[in-house]
**Student:** 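For reference, the structure I am asking about is given below.
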Number of protein chains: 2
Amino acid sequence: MIQSDLIKGSLKTIVLKLLDENGRMYGYEITRKVEELTDGKIKLTYGALYPVLHKLESEGVLVTESENFNNRTRIYYLLTPHGHSVVTEKIKEMTEFIGSLQRIIDTKPGLSYA
Amino acid sequence: MIQSDLIKGSLKTIVLKLLDENGRMYGYEITRKVEELTDGKIKLTYGALYPVLHKLESEGVLVTESENFNNRTRIYYLLTPHGHSVVTEKIKEMTEFIGSLQRIIDTKPGLSYA
DNA sequence: ATTGTATATATAAGTTGTTTATATATTACA
DNA sequence: TGTAATATATAAACAACTTATATATACAAT
């Protein structure tokens with residue numbers, strides 16, 4: 001987990017984007033997916049993930065579906081119609097933010113961070 | 001200031017990068033520069049900026065040079081040799097982080113956030 | 001048998017990094 | 001005369017994390 005402090009603020013957007021793309025996911029699955037997509041560079045902690053999921057549920061951004069799998073409870077999360085519009089907004093913001101960051105760290109001739 | 005929560009964690013890297021590129025800068029100048037580079041999308045608050053600068057100074061990442069300009073005090077901040085190696089590390093982390101974020105929000109066919 | 005790893009969710013306490021509010025002071029323009 | 005721009009600073013409040021802890025099943029290895 002190299003980018004421990006960089007992740008701050010982007011967790012919610014990451015979760016929403018994955019749910020939008022995969023229809024429905026359970027918490028553990030979300031952490032696996034993020035690790036997979038980032039080659040292990042981003043590892044979500046459950047202490048951060050579950051409170052975020054619960055908060056999004058209380059805000060009406062997503063709903064849950066409990067299911068039993070191999071004697072373990074799985075709680076699937078899926079976006080509400082309102083959730084879909086939230087994702088759209090969040091992805092736009094993040095895209096803009098990434099663009100801004102890139103403009104700032106864009107290396108001028110004479111500097112190298114390789 | 002659209003990306004209020006996204007900025008969390010990246011402020012330090014932004015400051016270090018600007019100092020590395022511009023030799024030395026004073027606090028107010030840093031906020032102007034960030035606004036300029038991001039078309040006003042990222043506005044640093046002084047309540048966040050100055051504590052970060054003071055902390056970096058106490059850590060030996062940067063040193064200060066006080067000067068008087070038009071009867072106003074300007075405190076220039078510049079990187080120490082140790083500071084330069086910190087920048088290198090931070091930029092690498094941020095570059096990796098941005099890459100990870102992009103892989104996550106990379107839109108698959110059928111989805112659109114335009 | 002039992003230890004360890006993977007699967008699965010959850011919360012409380014503590015820490016960190018912000019925002020907001022406030023303070024001070026000069027210059028320049030209307 | 002007051003408002004915007006320039007310039008730094010700190011305290012209080014808040015939000016978002018990490019760390020620690022708890023619980024429980026399945027499966028593989030020793």
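Numbers restart at 1 for each chain; the letters A, B, ... are given by sequence-line order, proteins then strands. Since we're looking at a predicted model, the values are computed, not measured.
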**Student:** Give me the residues of residues 56-73 of chain A where at least one heavy atom lies under 4.0 Å from an atom of DNA chain D, by number, or none.
**Tutor:**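 Close to the strand are A:Asn70, A:Asn71, A:Arg72.
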**Student:** If you take any heavy atom closer than 4.0 Å to DNA chain D, which residues from residues 47-54 of chain B end up in contact?
**Tutor:**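 Per residue number, the list reads B:Gly47, B:Tyr50, B:Pro51, B:His54.
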**Student:** May I ask you to check if B:Arg74 and B:Tyr76 form a cation-pi contact, with NZ or CZ under 6.0 angstrom from the six-membered ring centre and within 45° of the axis?
**Tutor:**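 No, B:Arg74 and B:Tyr76 do not form such a contact.
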**Student:** Please find the pair of heavy atoms, one from B:Leu53 and one from B:Gly27, that lie closest to each other, and give the distance.
**Tutor:**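 Here B:Leu53 and B:Gly27 meet closest at CD1-CA, 4.3 Å.
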**Student:** Round to the nearest Å and state the distance from B:Lys12 atom NZ to D:dC17 atom P.
**Tutor:**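 Roughly 17 Å, once rounded to whole Å.
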**Student:** How long is the line joining CE of B:Met25 and P of D:dA7, in whole Å?
**Tutor:**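 Spelled out: CE on B:Met25 to P on D:dA7 is 12 Å.
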**Student:** Would you give the length of the straight line joining atom CD1 of A:Ile98 to atom CZ of B:Phe97, rounded to the nearest 0.5 angstrom?
**Tutor:**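 Taking CD1 in A:Ile98 and CZ in B:Phe97, the distance rounds to 8.0 Å.
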**Student:** Would you name the heavy atoms of B:Asp106 and A:Glu21 that are closest together and state the gap between them?
**Tutor:**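 Looking at all heavy atoms of both residues, the shortest contact is O-OE1, 3.8 Å.
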**Student:** Between atom NZ in B:Lys90 and atom C1' in C:dG17, what is the gap in whole Å?
**Tutor:**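 Going from B:Lys90 (NZ) to C:dG17 (C1'), I get 12 Å.
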**Student:** Compare the minimum distances between each of C:dA10, D:dA16, D:dT6 and the side chain of A:Lys55, then state the nucleotide with the smallest one.
**Tutor:**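 Closest nucleotide among those given: D:dA16.
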**Student:** Any chain of hydrophobic side-chain contacts (each under 4.5 Å) joining B:Val63 to B:Ile75?
**Tutor:**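 Different clusters: B:Val63 never reaches B:Ile75 through Ile, Leu, Val, Met, Phe, Trp or Tyr contacts under 4.5 Å.
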**Student:** Atom CG in B:Leu44, atom CD in B:Glu35: separation rounded to 0.5 Å?
**Tutor:**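 One gets 8.0 Å once the value is rounded to the nearest 0.5 Å.
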**Student:** What's the OH-P distance between B:Tyr28 and D:dA4, to the nearest Å?
**Tutor:**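 From B:Tyr28 OH to D:dA4 P: 13 Å.
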**Student:** Would you indicate what B:Tyr77 reaches in the nucleic acid, counting non-hydrogen atoms under 4.0 angstrom: base, sugar-phosphate, or nothing?
**Tutor:**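 Sugar-phosphate only.
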**Student:** Would you sort out whether B:Lys41 and A:Glu93 count as a salt bridge (charged side-chain N to carboxylate O under 4.0 Å, His left out), showing the intermediate values?
**Tutor:** CA-CA 10 Å; B:Lys41 281 166 199 155; A:Glu93 277 179 30; over 6 Å; no
**Student:** Heavy atoms only, 4.0 Å cut-off, all strands: where does B:Tyr26 land among base, sugar-phosphate and nothing?
**Tutor:**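 The residue B:Tyr26 makes sugar-phosphate contact but no base contact.
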**Student:** Within the structure, does a side-chain N or O atom of B:Arg32 lie under 4.0 Å from either OP1 or OP2 of D:dT6?
**Tutor:**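 Yes.
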**Student:** Within this structure, what is the OH-to-P distance between B:Tyr46 and C:dA25, rounded to whole angstrom?
**Tutor:**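 After rounding, the gap between these two atoms is 19 Å.
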**Student:** How many Å lie between CD1 on B:Ile42 and P on C:dT19, as a whole number?
**Tutor:**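 It works out to 11 Å between those atoms.
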**Student:** Looking only at heavy atoms, which two atoms of B:Leu18 and B:Lys33 are closest? And how far apart?
**Tutor:**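 Heavy-atom minimum between the residues: CD2-CG, 4.1 Å.
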**Student:** Quick check for you: among C:dT18, C:dT19, D:dT18, whose closest atom lies nearest to any side-chain atom of A:Thr45?
**Tutor:**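 The listed nucleotide nearest to A:Thr45's side chain is D:dT18.
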**Student:** Hey, what do you get for CZ (A:Arg32) to NZ (A:Lys43), rounding to the nearest 0.5 Å?
**Tutor:**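 One gets 7.5 Å once the value is rounded to the nearest 0.5 Å.
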**Student:** For B:Ile14 and C:dG17, what is the distance between atoms CD1 and C1' respectively, to the nearest whole Å?
**Tutor:**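 It works out to 13 Å between those atoms.
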**Student:** Whole Å only: how far is the CZ atom of B:Arg74 from the P atom of C:dT27?
**Tutor:**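 Rounding to the nearest Å, CZ of B:Arg74 and P of C:dT27 are 13 Å apart.
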